[in-house]
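Structure first, then comments.
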Amino acid sequence: MTVYTTIDSPLGELLMTGEEDPRGVGGVTVTSLSVPGQRNAPTVEPGWRADPRPLAEATRQVKAYFAGERTDFDLTYTAGGSDFRRRVWAALEDIPHGTTTTYGAIAERIGAPRSAVRSVGTAIGANPLLILRPCHRVIGASGALTGYAGGLDRKEALLVHEGALPARRD
């Protein structure tokens, strides 16, 4: 059964979904974490159950991240996606907090040719676990902030939060 909860955050209200262990042993696998207005974000569907309890640990970790008390996550996620996407997403999980990398570096890391950079970007854009699987840490080769399903303003806010970018002085 799909369960969901919302989490107040500096990026707006996040929607977190999970699948409960069908054996009824109490475990939950996080299936998505999305921001308002995110491209391809899930929307609550009939039959889903609003219940923060199964997602309490995941919620605690997300709140600790935004409070500056946590730099990574120790949660069970769904694998999902094609083999290529899973390889790209695994590479995202290896990007250290407070750093950035490029789409080309991700392609190289997974053994894809340089010409696969666009495919890498597409896979990153399909990441259903924003923040948890840190796709916001991937930037363009020129250093430009590019391609974030949650919006470039949120990408910038996450990178500033992590210390990978200086705060803007407007």
Distance (rounded to the nearest 0.5 Å) between D94 CG and D72 CG: 11.5 Å
Residues T17 and T31: side-chain donor-acceptor under 3.5 angstrom: yes
Test item: side-chain donor near acceptor, T2 and E19, under 3.5 Å: yes
If you group Ile, Leu, Val, Met, Phe, Trp and Tyr by side-chain heavy-atom gaps below 4.5 Å, do [X] and [Y] land in one group?
X: L92; Y: L158; answer: no
X: L55; Y: M1; answer: yes
X: V35; Y: L75; answer: yes

Residue pairs passing the salt bridge (Lys or Arg N to Asp or Glu O under 4.0 Å) test where at least one lies in residues 129-152, sequence neighbours excluded: E93-R133, R137-E162
Of all pairs that satisfy salt bridge (Lys or Arg N to Asp or Glu O under 4.0 Å), the ones with a partner from residues 33-43, not counting sequence neighbours: none
Y65/H161 under side-chain contact (heavy atoms from CB on, under 4.5 Å): CA gap, chis, key distance, verdict: CA-CA 9 Å; Y65 166 82; H161 170 72; 3.6 Å; yes
Set of residues satisfying side-chain hydrogen bond (donor to acceptor under 3.5 Å, both in side chains) with respect to D74, sequence neighbours excluded: none
[Y] and [X], any side-chain heavy atoms less than 4.5 Å apart:
X: Y4; Y: D51; result: no
X: L145; Y: L165; result: yes
X: T146; Y: I139; result: no
X: E156; Y: L152; result: no
X: L14; Y: T6; result: no
X: M16; Y: P42; result: no
X: V88; Y: I124; result: yes
X: V138; Y: T102; result: no

When you measure from the side chain of [X] to the backbone of [Y], do you find a donor-acceptor pair of N or O atoms at a distance under 3.5 Å?
X: W89; Y: A123; result: yes
X: T99; Y: I95; result: no
X: R154; Y: G150; result: yes

Test log, rule side-chain contact (heavy atoms from CB on, under 4.5 Å), inputs I131 and F73: CA-CA 9 Å; I131 304 163; F73 301 94; 4.0 Å; yes
N-O pairing of D8 and K63 below 4.0 Å: no
Sidechain N-carboxylate O distance under 4.0 Å for R49, E20: yes
Whether over 12 other heavy atoms sit under 6.0 Å from R86 CZ: yes
Check against side-chain contact (heavy atoms from CB on, under 4.5 Å), C135 and L130: CA-CA 7 Å; C135 54; L130 295 193; 3.4 Å; yes
Residue pair L11, F66: steps toward the side-chain contact (heavy atoms from CB on, under 4.5 Å) verdict: CA-CA 10 Å; L11 304 179; F66 282 114; 3.9 Å; yes
